[in-house]
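Notes to accompany the following structure.
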Amino acid sequence: MSDFQRIDLGPIESWRDYYGGFVPARERDGRRVVDQELPMQFIGMSVNSMIPGEEAGYWHAHSSVEELFVFLTGRGQMGLDDELVDVGPGTVIRVGQGVLRTWRCDPEGTEPLTWFCIRGDGGDLPELPNDAKPIFDRPMPW
């Protein structure tokens, strides 16, 4: 059997119905921690949805985790140390170790702010994914 698993996140419009978090004290509507559902080894991911005016309500920084925020819909802001950065559809922000971070959905917005947060903690990634060899003579499955 191949080593893969599948879950369906559903349409972005349904993400607000998720309820979850990493610890019970920080669980909330609009958060689903995908790596709690899949046997991840090296990366983690959550899917998130905030309604206009909603905010994280806390700052945090990681000592070894690097995060990548990929914003899909809505408008909002991220506090990153002493900077305030606007975010919206197509914004991608990498946040390194030791950087304080928080976020909110624009209080004047008309749609939820939705995003993926992808986390990694471990060895350096190679500049090119050099652990694979392309196979050109295997037929495509479609």
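Index from 1, following the sequence.
- At a threshold of 4.5 Å between side-chain heavy atoms, the hydrophobic network of Ile, Leu, Val, Met, Phe, Trp and Tyr places V65 and I93 in two separate groups.
- When each of I51, N48, V87, T73 is checked for a side-chain contact (heavy atoms from CB on, under 4.5 Å) with L113, only V87 meets the rule.
- Taking a 6.0 Å sphere around OH of Y58, one finds it holds more than 12 heavy atoms contributed by other residues, nucleotides or ligands.
- Taken to the nearest 0.5 Å, the CZ atom of R32 stands 9.5 Å off from the CH2 atom of W15.
- In the displayed structure, E83 atom CD is contacted under 6.0 Å by at most 12 heavy atoms of other residues, nucleotides or ligands.
- In this structure a side-chain-to-backbone donor-acceptor pair under 3.5 Å is present from D106 to E108.
- Distance check: L38 CG to I7 CD1 gives 4.5 Å after rounding to the nearest 0.5 Å.
- Formation of a donor-acceptor pair under 3.5 Å by the Q77 side chain with backbone atoms of R104 is not found in this model.
- Taken from CD in E54 to CZ in R16, the straight-line distance is 4.0 Å, to the nearest 0.5 Å.
- F71 and I12 are members of different hydrophobic clusters when ILVMFWY side chains are connected at heavy-atom separations under 4.5 Å.
- Residue D121 holds its CG atom at 12.5 Å from CD1 of I43, rounded to the nearest 0.5 Å.
- The aromatic rings of W103 and W115 sit perpendicular, their planes meeting at an angle over 60°, well past the 30° parallel limit.
- Remark: side-chain polar atoms of D81 are paired, donor with acceptor, to backbone N or O of L100 under 3.5 angstrom.
- Side chain of S49 to backbone of T114: no donor-acceptor contact under 3.5 angstrom is found.
- Panel note: side chain R101, backbone V99; a donor-acceptor pair is recorded below 3.5 Å.
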